[in-house]
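Beneath this line is the structure, given in structure tokens, with notes to follow.
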Amino acid sequence: MDKPVRVRFAPSPTGRPHVGNIRTAMFDWLLARHTGGTFILRIEDTDVERRVEGAVEYMMDALNWLGLDWDEGPGKGGDYGPYYQSQRLELYQDAAAKLVAQGDAYYCYCSPERLDAMRKEQEARKQSPGYDRLCRNLSPQERAAKEAAGIKPVVRFKVPLEGQTKFHDIIYGDITCENSNIDDFVMLKSDGYPTYHLANVVDDYAMKISHVIRDEGWISSAPRHLMMYKALNYEPPQYVHHPVIVGSDRAKLSKRHGATSLLDFRNMGYLPEAMFNFLALMGWSLDDKTEIMTRQQVVENFSLERMGKTGAFFNIEKLDWMNGVYIRGLTVEDLTNRVLPFLEKDLPPEVKRPLDINYIRQIMPLIRERIKTLKDAATYADFFFVDKLEYEASMLIGKKMTTETALAALKGAEEKLSSLESFDHDLLEDSLRHLADDLGIKTGQLFNVLRVACTARDATPPLFETMVVLGKERCLKRIKIAISKLGNNSNL
RNA sequence: GGCGCAUUCGUCUAGCGGCCUAGGACGCGUCCCUCUCAAGGACGAGAUCACGGGUUCGAAUCCCGUAUGCGCUACCA
């Protein structure tokens with residue numbers, strides 16, 4: 001095992017937790033658990049404009065659902081708090097002031113309007129956009145004048161005009177960047193809040209983060225962070241950038257690609273263990289064949305070295321398959337408990353609530369190997385609950401059957417079943433097979449008529465098991481209704 | 001535009017110089033099982049390893065170009 005790491009997941013509370021972000025959190029968590037390290041949750045709420053009420057709760061909800069427990073952070077405490085950046089403002093301001101004092105940063109008084117005009121002009125001239133460093137060398141008098149005018153400045157980092165910044169990324173390898181390509185970026189906004197660049201450097205250092213795990217999009221800003229570490233005389237962390245999840249158009253997955261919040265997947269009936277397994281396999285692999293792994297197996301085998309470097313397309317068909325595998329592995333009791341809330345929610349309103357859990361327990365073995373998501377349960381099993389079945393009489397007449405033979409089959413079944421002492425699987429099978437013989441039709445033909453009569457479906461769980469759960473009374477009632485449907489239809 | 005990163009079946013991936021006439025999985029097709037649907041089993045189609053040059057006895061694997069894609073280039077993260 002490698003040395004225990006200290007890693008952090010640092011989301012900004014701007015909405016519902018994106019599946020890509022949670023995947024990052026999962027890699028953090030995996031590395032922490034694999035090495036016996038510490039997983040920290042830190043809230044990067046430094047953008048007052050974009051802050052969304054309740055977003056932190058959503059985030060924690062999603063993390064908890066996936067089983068990604070954090071050791072330090074909101075609700076947990078820890079020795080390096082507070083874990084909300086909005087409560088650490090002084091730290092950033094001190095760092096910014098220190099950099100200004102030592103000549104590595106400066107106050108900039110340029111208005112947003114000027115910056116905007118500058119960018120437009122650069123674009124028109126096909127120059128690469130970037131701050132023109134107007135305020136980099138303001139004289140004390142000029143600065144005093146701006147201050148006197150009441151302009152609230154931002155603090156910009158004084159990026160070296162030449163040289164290169166190099167760093168080693170554990171996944172992507174060595175990366176080099178010319179300093180001349182980087183402009184004097186803003187570290188501290190005029191409202192006193194830090195930008196991501198400053199805040200993440202200050203906090204990662206203060207919180208003794210050993211490995212920074214974040215998505216690939218950050219590679220190009222890593223050099224800025226390194227410059228600040230150097231200026232602040234901090235030891236930088238290890239960088240681990242990982243590829244993003246992309247949508248069908250290969251662009252980074254976003255809202256317009258459909259469901260993107262982890263919470264959506266929970267609502268769609270995916271199991272957290274399936275989601276965990278699936279997400280782990282997007283970007284990481286154990287070997288050339290292992291796919292289904294318990295959380296524990298993933299933790300034991302996880303390693304950064306086995307992570308890929310190309311963006312992965314979110315293949316929901318494969319998730320469906322995997323979810324099915326996990327559902328099939330559930331005990332009846334477990335499945336029952338997980339399906340219950342979905343049934344309560346998705347069954348037609350006329351079905352009486354609360355649902356009978358013992359009845360549901362009986363249904364589970366019948367649908368367990370047929371559903372792909374928990375949400376499928378309601379559509380798969382609604383005929384167990386509703387009183388009035390809706391279907392076309394023509395459905396009762398199967399292949400090589402006529403109204404007459406179907407009618408005869410139903411009447412024969414009605415007679416046979418009503419005389420049955422007990423309503424168990426073997427007895428049902430035995431008497432119905434004999435009935436088919438007596439009627440001179442194939443067993444399948446008989447069974448299919450009964451299937452439609454009892455369930456209004458032509459695809460259901462095995463007939464006898466289904467009928468047993470439905471019960472004698474209900475089956476006979478439904479068969480009678482089917483007989484009258486056919487009777488009316490034949491118009492005799 | 002500049003810079004950065006990436007590029008193996010439709011998709012997720014294995015592969016870190018010879019084991020590759022490229023393996024697994026999802027999906028797809030055929031068959032078996034079977035009361036339907038699933039599940040399960042068997043088989044199959046599917047990748048000239050983006051392209052072009054090198055290096056090497058030998059390259060999907062190393063190097064250099066090109067193309068394409070994505071990202072960054074905000075007082076957003």
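Chain naming here is simple, since letters A, B, ... match the order of the sequence lines and numbering starts at 1 in each.
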Please work out whether the ring planes of His242(A) and Phe27(A) are parallel, tilted or perpendicular, with thresholds of 30° and 60°.
perpendicular
Residue that, paired with Asp184(A), satisfies side-chain hydrogen bond (donor to acceptor under 3.5 Å, both in side chains) out of Arg136(A), Arg224(A), Lys158(A), Arg156(A)
Arg136(A)
Integer angstrom distance from the P of G44(B) to that of G23(B):
12 Å
Taking a pair to mean Watson-Crick or G-U wobble geometry with both distances below 3.5 Å, A25(B) pairs with U11(B)
Quickly work out the Asp287(A) CG to C12(B) P distance and round it to whole Å.
19 Å
More than 12 foreign heavy atoms under 6.0 Å from CD of Glu178(A): is that the case here?
yes
Could you state the atom-to-atom distance from OH of Tyr172(A) to C1' of C5(B) in whole Å?
7 Å
Which whole number of Å gives the distance between the P atom of G1(B) and that of G15(B)?
36 Å
Gln122(A) CD - C3(B) P separation (whole Å)
16 Å
Going 5' to 3' through nucleotides 26-41 of chain B and flagging B where a protein heavy-atom sits under 4.0 Å of the base, S where only the sugar-phosphate is that close, and - otherwise, we get SS-------BBBBSS-
Sort out the partner of C19(B) for me: Watson-Crick or G-U wobble, both distances under 3.5 Å, none otherwise.
none
Are more than 12 heavy atoms, taken from residues, nucleotides or ligands other than Lys152(A), located less than 6.0 Å from that residue's NZ atom?
no
With C1' as the reference atom in both, quote the distance from A74(B) to A14(B) in angstrom, rounded to an integer.
41 Å
Tell me what Arg51(A) touches on the nucleic acid: a base, only sugar-phosphate, or nothing, going by heavy atoms under 4.0 Å.
nothing
Who is the Watson-Crick or G-U wobble partner of A60(B), with both distances under 3.5 Å?
none
Heavy atoms under 4.0 Å, any strand shown: does Thr176(A) hit a base, just sugar-phosphate, or nothing?
sugar-phosphate
What salt bridge (Lys or Arg N to Asp or Glu O under 4.0 Å) pairs are there with at least one residue in residues 48-59 of chain A, not counting sequence neighbours?
Asp45(A)-Arg51(A), Asp47(A)-Arg50(A)
Say you pick atom P in A25(B) and the same atom in G40(B); how far apart are they, in whole Å?
12 Å
If you assign each of Ile219(A) and Phe313(A) to its closest nucleotide in RNA chain B, which residue comes earlier from the 5' end?
Ile219(A)
In whole Å, what separates the P atom of G52(B) from that of C70(B)?
23 Å
Trp218(A) and His197(A) aromatic ring geometry - parallel, tilted or perpendicular at 30°/60° bounds:
perpendicular
Would you kindly give the NE2-to-P distance between His168(A) and C5(B), to the nearest whole Å?
13 Å
Using the C1' atom in both, what is the distance from A60(B) to G2(B), to the nearest Å?
32 Å
Donor-acceptor pairs under 3.5 angstrom involving side-chain atoms of residues 428-435 of chain A: please list them, not counting sequence neighbours.
residue, atom, partner, partner atom, Å
Glu429(A), OE2, Arg433(A), NE, 2.8
Glu429(A), OE2, Arg433(A), NH2, 2.8
Ser431(A), OG, Leu427(A), O, 2.8
Ser431(A), OG, Leu428(A), O, 3.4

Test Thr455(A) against every option in Thr460(A), Leu450(A), Leu389(A) by the side-chain contact (heavy atoms from CB on, under 4.5 Å) rule and name the one that passes.
Thr460(A)
Rounded to whole Å, CH2 of Trp284(A) lies from P of G15(B) at a distance of 12 Å
Taking any strand in view, what nucleotide pairs with U34(B) in a Watson-Crick or G-U wobble way, both distances under 3.5 Å?
none
Under the side-chain hydrogen bond (donor to acceptor under 3.5 Å, both in side chains) rule, collect the residues that match up with Thr405(A), sequence neighbours excluded.
Thr402(A)
Asp382(A)/Arg457(A) ion pair, N-O < 4.0 Å
yes
Spell out protein contact along nucleotides 68-77 of chain B as letters: B when the base is contacted, S when just the sugar-phosphate is, - when no protein heavy atom is under 4.0 Å; keep the 5' to 3' order.
--SSSSSBBB
If I take atom CD in residue Glu291(A) and atom C1' in nucleotide U13(B), what distance separates them, rounded to the nearest angstrom?
8 Å
Rounded off to whole Å, could you give me the NZ-to-P distance for the Lys309(A) and G15(B) pair?
12 Å
Hey, does Gly283(A) reach any base, or is it just sugar-phosphate, or nothing, if we go heavy atoms under 4.0 Å?
sugar-phosphate
Watson-Crick or G-U wobble partner of G46(B), both distances under 3.5 Å
none
Near RNA chain B, under 4.0 Å by heavy atom, which residues of residues 158-167 of chain A?
none
Say you pick atom P in A45(B) and the same atom in U8(B); how far apart are they, in whole Å?
23 Å
If you measure from the Lys or Arg side-chain nitrogens to the Asp or Glu carboxylate oxygens, is any gap between Glu273(A) and Arg338(A) under 4.0 Å?
yes
Mate of G71(B) where both pairing distances stay under 3.5 Å, Watson-Crick or G-U
C3(B)
Evaluate whether atom CD of Glu392(A) has more than 12 neighbouring non-hydrogen atoms of other residues, nucleotides or ligands under 6.0 angstrom away.
no
Just say parallel, tilted or perpendicular for the rings of Trp284(A) and Phe302(A), cut-offs at 30° and 60°.
tilted
Rounding to an integer number of angstrom, what distance separates C43(B) and G4(B) when you compare their C1' atoms?
47 Å
Using whole Å, what does the distance between atom P of nucleotide C5(B) and atom OH of Tyr239(A) come to?
16 Å
Heavy-atom side-chain contact between Leu396(A) and Tyr391(A) under 4.5 Å
yes
